[in-house]
Amino acid sequence: MSCKLGFIFRKKNSNILSKFDPMNFIVTLTLQAIKKIYGEEIPESTVTLQETRKEFDGQVTIVTFPFTRFSKKSPEQTGADIGEYLVANSVDIEAYNVIKGFLNISLTDVFWLDQLDKQILKKDVGVLRRNGRKVMVEYSSPNTNKPLHLGHVRNNLLGYAVAELLNAAGYDVVKTNLVNDRGIHICKSMLAWQKFGNGETPSSSGLKGDKLVGNYYVRFDQEYKKEIASLMEKGRSEEEAKREAPLMMEAQTMLRKWEAGDTDVIKLWEMMNEWVYDGFEKTYKKMGVNFDKIYYESNTYLLGKDIIEEGISKGVFFKKDDNSVWIDLTGEGLDEKLVLRGDGTSVYITQDLGTAQLKYNDYHMDNSIYVVGNEQDYHFKVLFLILKKLGKSWAEGLYHLSYGMVDLPSGKMKSREGTVVDADDLMADMIDTARNRTEELGKVEGFSGPEKEALYEMIGLGALKYFLLKVEPKKRLLFDPNESIDFQGHTGPFIQYTHARIKSVLTKGGYKAEIIKAKPAILENTERDLIKEIVKFDDMVASAAENYSPSLIANYVYELSKLYNKFYHEVSIIKVEDIQLKNFRLNLSAATAQVIARGMKLLGIDVPERM
RNA sequence: GCCUCGGUAGCUCAGUUGGAUAGAGCAACGGUUUUCUAAACCGUGGGUCAGGGGUUCGAAUCCCUUCCGGGGUACCA
């Protein structure tokens, strides 16, 4: 086990300023000890601290193997030497024991109680010092031809949580969404609606706008396939049929008209996009995500040509005979890459180059995070490399937060095969499940109607969000629609339940935030374990932000909840006679609740007062 | 082919400046409630950390290699 102490994750040269490292004095003292005893000066990084494993005495362990090189003694003796020194030179360290190359040290209960006071019983847990830096997080970035699905849900939750984390870690954060609202795929739904829609609108059909438009995208594909089939019957090859199908040719005509600014096409496009935006807005709202700035590709797709010129004049790009523009990245182990078509029109990377510049001009941010699936790893590698070659100083701050696809047991989600897990449906299902479970358990006596609904939503979405966020971003995620997401064990509802449980104890115990002076003489193990965990929180926030990894927070909050439940089970809180002890335990409970709530908030998950 | 990311218990996952006997949850089995919320707690069983080699006092973790899976390698986005 031995989960490492939070601060060990910290990278050097970090931009994130933690308020303090509660264990850092141990490292300092150890360095002193080594200098004194062995006359050796060693870098801080050679002192490894880890949490003491449960089966041994102590809370913090120093690994002493590396010191034997110059101590010229056995690991046991080396540990004992240092242990003696630590106990003698710190009032906070009361004992040590040595097992092989591991020096386990016990900190005093007074120390732990101080830590609790210092770090937790204040308003701003998990809020690190402002670092004066600005970061942009782009996420979601949907196409306007179909509704959001489970893959988008992962993207949205990740992007939102990372933005929250960076904000907590001291950055100024700008959340952006780059909407892909143009192109051939959009024309397909437009055309299908025009041909087969009979004027259907969201209000006439009662359909959510994005769903309605999505239906026509599917319809296009169906009709298109029919045309292909009949052309092939007439003896065309598959490729010819695909190219010559009237629908496809019409869609391409429509795209050209759109680019030419044809009034009717633009009107249709605007109308249908509005429908989609209305739909997306509802989904985003339910999901609890939002943006500070929305970019539309219809406004940015022509950008980037200036950069192409710049690149040519700087000799970074070169032109081929057909006028197409390329960059040679073979020196970097990549390929030659097209950056502008021969006819002068943009490709994906052209507009991304332009958009990157636009974003920078707009915000002058120090860092810019793109939350985009790992299928685009190569694209972003190339994009960033090009910007660096162009000498853009800000290119160093770009980062592709690549995450794994969400797969079904049957493999990839495919809209054509109807295996897509729709975001709205999924959220609604989760809320239903929460409703059923909660009512079965009889947990909502005394709740008003709206309170119940709010609770079901909180739990259902909590389960879903936690399920998606607890997994490390870059790993692919398996989702089985037939197996509902759990509400027990390592889940969002478990953590929410723990929070509600604490709130209930606090209420029944008459807890008031002021009574913080009470302290027991001796801590129970469960109490010390809990304090130890709570004290790590700020460092966990720093690490999670640094690694763009909400899963670190998700797993931390789970660990904390488990420890609380153990504590809750093993000791009485409001029923102890000793008023001091009772108050202390209430404080500890309140502190735990505060960290749970704050940690979950960073993940975009709300926690209830009762459940 | 080449590039890239994964492979840890039956299933889903933790474990990353290399450290002790690799941990949780689910599923299975057994126990805990006249006492602060049992969506909880405690216990049992379950592992060739994909295979092999190397570096090291020490490897799930670093290096090499093989196998398996995902993704990319478009004048699509």
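Chain naming here is simple, since letters A, B, ... match the order of the sequence lines and numbering starts at 1 in each.
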Query raised in the report: Reckon A:Met405 touches a base, only the sugar-phosphate, or nothing at all at heavy-atom distances under 4.0 Å?
Result: nothing
**Report entry** Nucleotide of B:G71, B:A20, B:U37 approaching A:Asn374 most closely (side-chain heavy atoms)
**Finding:** B:G71
Query raised in the report: How is A:Leu478 classified with respect to the nucleic acid when contacts are heavy atoms under 4.0 Å: base, sugar-phosphate, or nothing?
Result: sugar-phosphate
Query raised in the report: For A:Asp407, which contact category applies under a 4.0 Å heavy-atom criterion: base, sugar-phosphate, or nothing?
Result: nothing
Query raised in the report: What nucleic acid atoms does A:Arg610 come within less than 4.0 Å of, heavy atoms only: base, sugar-phosphate, or nothing?
Result: base
Query raised in the report: How would you label the contact of A:Lys575 with the nucleic acid (heavy atoms, under 4.0 Å): base, sugar-phosphate, or nothing?
Result: base
Query raised in the report: Is the distance between the ring centroids of A:Phe56 and A:Phe102 under 6.0 Å?
Result: no
Query raised in the report: Does a nitrogen or oxygen in the side chain of A:Lys54 sit under 4.0 Å from OP1 or OP2 of B:G23?
Result: no
Query raised in the report: Does A:Ser106 offer a backbone N or O that forms a donor-acceptor pair with the side chain of A:Asp57 under 3.5 Å?
Result: no
Query raised in the report: Can you tell me if the side-chain N/O atoms of A:Arg53 get under 4.0 Å from OP1 or OP2 in B:G23?
Result: yes
Report task. Considering just the side-chain nitrogens and oxygens of A:Ser504, establish if one lies under 4.0 Å of OP1 or OP2 belonging to B:U37. Result -> yes
**Report entry** Any A:Arg341 side-chain N or O less than 4.0 Å from OP1/OP2 of B:C76
**Finding:** yes
Query raised in the report: When you check the side-chain N and O atoms of A:Tyr348 and A:Glu297, is any donor under 3.5 Å from an acceptor?
Result: no
Query - Shortest side-chain distance from A:Lys566, nucleotide among B:C42, B:G71, B:U73 - result: B:C42
Query - Phosphate OP1/OP2 of B:A77: any A:Tyr348 side-chain N/O under 4.0 Å - result: no
Report summary line: Comparing nearest nucleotides in RNA chain B, the 5'-proximal residue of the pair A:Tyr568, A:Val347 is A:Tyr568
Query raised in the report: Any idea which of B:C36, B:G6, B:C3 is nearest the A:Ile574 side chain?
Result: B:C36
Query raised in the report: Contact class for A:Pro75 vs. all strands (heavy atom < 4.0 Å): base, sugar-phosphate, or nothing?
Result: nothing
Report task. Assign A:Thr438 to base, sugar-phosphate, or nothing according to its heavy-atom contacts below 4.0 angstrom with the strands shown. Result -> base
**Report entry** Polar pair under 3.5 Å, donor/acceptor by atom type, side chain A:Asp352, base B:A77
**Finding:** no
Report summary line: Contacts of A:Glu375 and A:Ile99 projected onto RNA chain B by closest heavy atom; the upstream (5') one is A:Ile99
Query raised in the report: Across the strands shown, which category fits A:Glu472 at heavy-atom distances under 4.0 angstrom: base, sugar-phosphate, nothing?
Result: base
**Report entry** Partner nucleotide, any strand, of B:G10 [Watson-Crick/G-U, under 3.5 Å]
**Finding:** B:C26
